[in-house]
Amino acid sequence: MDKEKLFPDFVFETSWEVCNKVGGIYAVLSTRAKTLQDKLKDHVIFIGPDCWHDETCPFFKEDDALFPEWRKEAFREGLRIKVGRWIVPGEPIAILVDFRPYFSHKNEIYGQLWEDFQVDSLHAYGDYDDSLMFSYGAGKVVESFYRANIPDDKKVVFQVNEWQTAIAALYIQKVLPQIGTIFTTHATGIGRSIAGNNKPLYDYLWAYNGDQMAQELNMQSKHSVEKQTAKYVDCFTTVSDITARECKELLDKPVDVVLPNGFENDFVPKGRTFTTKRHSARKLLLRVANALTGCKFDDNTLIISTSGRYEFRNKGIDVFIDSMNRLRQSDKLNRNVVAFIEVPGWLKGPRKDLQDRLAINKEYDEMLPNPVITHELNNENDDRVLGMMRWLGMNNQKDDKVKVIFVPCYLIGDDGILNKPYYDVILGNDLCIYPSYYEPWGYTPLEAVAFKVPCITTDLAGFGLWANKEKPGCGYSKIEDGVEVVHRTDSNYNDVADNIRDVVIRFAAKDKKAVESCRHNAEALSKKALWSEFFRYYEEAYDFALRKAEKRMADRKNG
């Protein structure tokens, strides 16, 4: 008979993206926060970097009523912190750490890391120092809070996310061995670097030596902290089966538990509000397209997008552009298409000429200069999206059935052109495309289907593999199931681009009833990825870590 799972009385969790919206991990943690709050009610504490200092963090509200005595003690100990709540559903307690004071002790900290855990910081550069100083500070905060506020008989788990916060777990394991530690890598640094440097990752994964590749790609220190934390931590986790294989090969450590990324769908509007917002988003997107290109677009226009971080190859932005070009040249497409590339570039600001046109509520029949981009960039001549579009001759001419528009900014509602947050824009799409080459999970396609937008992804994305598993029977998920999963390898780029073109043509030809079926199935699939479905994997990781900590304490007592 299975033992009853151990569950923590307190959970600490840290990430560079706690109260700091810079990537997909923010969405993972902020949506899971409500589930943790429901289960632990203020016994879950998130720790993030204080990147704002004297300015106001838009994702955090300070609360002087929280732990006033401990805050005084922490200040006496030299901790510079803000205590309050993360402004997300559930409003969990959050502590922001000013990590700047630790730079004066950097060499001592790195020396101790080498002595205790063989973490090599000799080759550090760039964001390594900021990240590890924050990570060290997060560990000190957990230590201080635990000693002041938590009785010894309580079960405590500390989870760290990505290499940026890894050493916090090592520090706690050393000074508070009774705490169970979990390290989650959302993508291995060396795997992402291999893929981003145009090297074939998957065909030769079995042959790569992680340490050798780290030296070749000049990332020895980041690789070292990730590898050593995976080795020493109580429970090593990642987000998908495909990344688990990567961890085993490149970090020389199999993962203990796979933690797929769920979400809460409370940010998805319901009923009439959804319909109104969808109509508003479509109207806005087509207005922007008209103001740029001088072409008229009726409501039968197929609106497509891709989005995410600006990783040109890893996120498949190159394939997206290529597939849209092939679609543009096809004689089988029966509708006009407007395709948006929503990835943040080196932004200078919104285009004044486009703003002037949008300020007047009218249709235009003359295109603006450079009608492929909504904002100005600092590096327009060197930008890879614009460069590839120029090379392919994609300039949104009047007779092009497919128009491609680059929106090179974070959509948080103040970009000067769309002026809507991402979640109010995405629901205006008919189809989203994420042809990833390197994608440990894939939060963007999950968000798309939550908004009833069918999407195309690949089987090199953790989400794509999961969608295939959820398909009734066997085989690859199709657009009729809500998600089309395209087979992708190191060497079939052209096949992927052609397949995406063909799926779009097939989808564009569907009647209203068939499209509604696709949209319904997309939404149904998204509900299988709610945290209520996926949190059981975290319970497994908590149990694993707590049992390792219990054994460590028993061994010390008996030894």
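This structure is a prediction, so every number in the text was calculated from the model and none was measured.
Between Leu201 and Tyr208 the shortest heavy-atom distance is O-CE1, 3.8 Å. Closest of all the heavy-atom pairs between Cys235 and Thr237 is SG-CG2, 3.7 Å. Between Leu170 and Phe117, the closest heavy-atom pair is O-CZ, 3.3 Å.
Taking the ring centroids of Phe544 and Phe236, they lie at or beyond the 6.0 Å cut-off. In summary, the aromatic rings of Tyr310 and Trp346 are positioned with their centroids too far apart to meet the 6.0 Å limit. Aromatic pair Phe463/Tyr434: centroids not less than 6.0 angstrom apart. Ring centroids of Tyr437 and Tyr202 are separated by less than 6.0 Å, placing the two rings close together.
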- Check the pair Asp266, Lys34 against side-chain contact (heavy atoms from CB on, under 4.5 Å), reporting the backbone distance first and the verdict last. CA-CA 10 Å; Asp266 47 13; Lys34 185 176 184 303; 4.0 Å; yes

- Message: Checking Glu264 against Thr35 for the side-chain hydrogen bond (donor to acceptor under 3.5 Å, both in side chains) test, could you report, in this order, the C-alpha distance in whole Å, the side-chain angles of both residues, the deciding distance, and whether it holds?
- Response: CA-CA 9 Å; Glu264 295 290 344; Thr35 300; 2.8 Å; yes

- Going through the distances and angles, do Leu29 and Glu17 end up as a side-chain contact (heavy atoms from CB on, under 4.5 Å)? CA-CA 8 Å; Leu29 271 62; Glu17 298 189 35; 6.0 Å; no

- Message: Pair His43, Asp9 - check side-chain hydrogen bond (donor to acceptor under 3.5 Å, both in side chains), show working.
- Response: CA-CA 7 Å; His43 281 193; Asp9 300 298; over 6 Å; no

- Query: Going through the checks in order, is the salt bridge (Lys or Arg N to Asp or Glu O under 4.0 Å) test met by Asp234 and Arg552?
  - Reply: CA-CA 10 Å; Asp234 289 325; Arg552 178 166 55 244; 2.6 Å; yes

- Take Asp64 and Arg71, measure what side-chain contact (heavy atoms from CB on, under 4.5 Å) needs, and give me the verdict at the end. CA-CA 9 Å; Asp64 291 337; Arg71 282 190 289 110; 3.9 Å; yes

- Task: List the steps, then state whether side-chain hydrogen bond (donor to acceptor under 3.5 Å, both in side chains) holds for Asn370 with Glu380.
- Result: CA-CA 11 Å; Asn370 198 17; Glu380 195 164 298; 3.2 Å; yes

- Could you please spell out the steps behind the side-chain contact (heavy atoms from CB on, under 4.5 Å) verdict for Phe10 and Tyr146? CA-CA 10 Å; Phe10 287 83; Tyr146 180 92; over 6 Å; no

- Worked check of salt bridge (Lys or Arg N to Asp or Glu O under 4.0 Å) between Arg384 and Asp318: CA-CA 9 Å; Arg384 297 188 73 181; Asp318 52 353; over 6 Å; no

- Could you walk me through whether Lys551 and Asp555 pass the salt bridge (Lys or Arg N to Asp or Glu O under 4.0 Å) test, one step at a time? CA-CA 6 Å; Lys551 184 176 185 305; Asp555 289 346; 3.0 Å; yes

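With Tyr26 as the fixed residue, the ring pair (Phe, Tyr, Trp, His ring centres under 6.0 Å) test singles out one of Trp16, Tyr443, Trp86: Trp86. Tested against Phe406, the residues Asp383, Ile321, Ile317 include a single side chain to side chain contact (heavy atoms under 4.5 Å, CB included) partner, Asp383. Checking Phe158, Tyr102, Tyr136 one by one against Tyr171, the ring pair (Phe, Tyr, Trp, His ring centres under 6.0 Å) holds for a single residue, Tyr136. Checking Gln118, Lys253, Lys174, Lys227 one by one against Tyr232, the side-chain hydrogen bond (donor to acceptor under 3.5 Å, both in side chains) holds for a single residue, Gln118.
The shortest side-chain heavy-atom distance between Asn265 and Ser526 does not fall under the 4.5 Å cut-off. Taking the side chain as every heavy atom from C-beta outward, Pro92 and Leu36 never approach each other to under 4.5 Å. For the pair Glu69/Lys72, a side-chain contact is recorded, criterion being any heavy-atom separation below 4.5 Å from C-beta on.
Inspection of the Thr31 and Trp531 side chains reveals an N or O donor paired with an N or O acceptor under 3.5 Å.
A cation-pi arrangement, defined by a distance under 6.0 Å to the six-membered ring centre and an angle within 45 degrees of its axis, is present between Arg80 and Phe75.
The neighbour count for Gln215 CD, taken as heavy atoms of other residues, nucleotides or ligands under 6.0 Å away, does not exceed 12.
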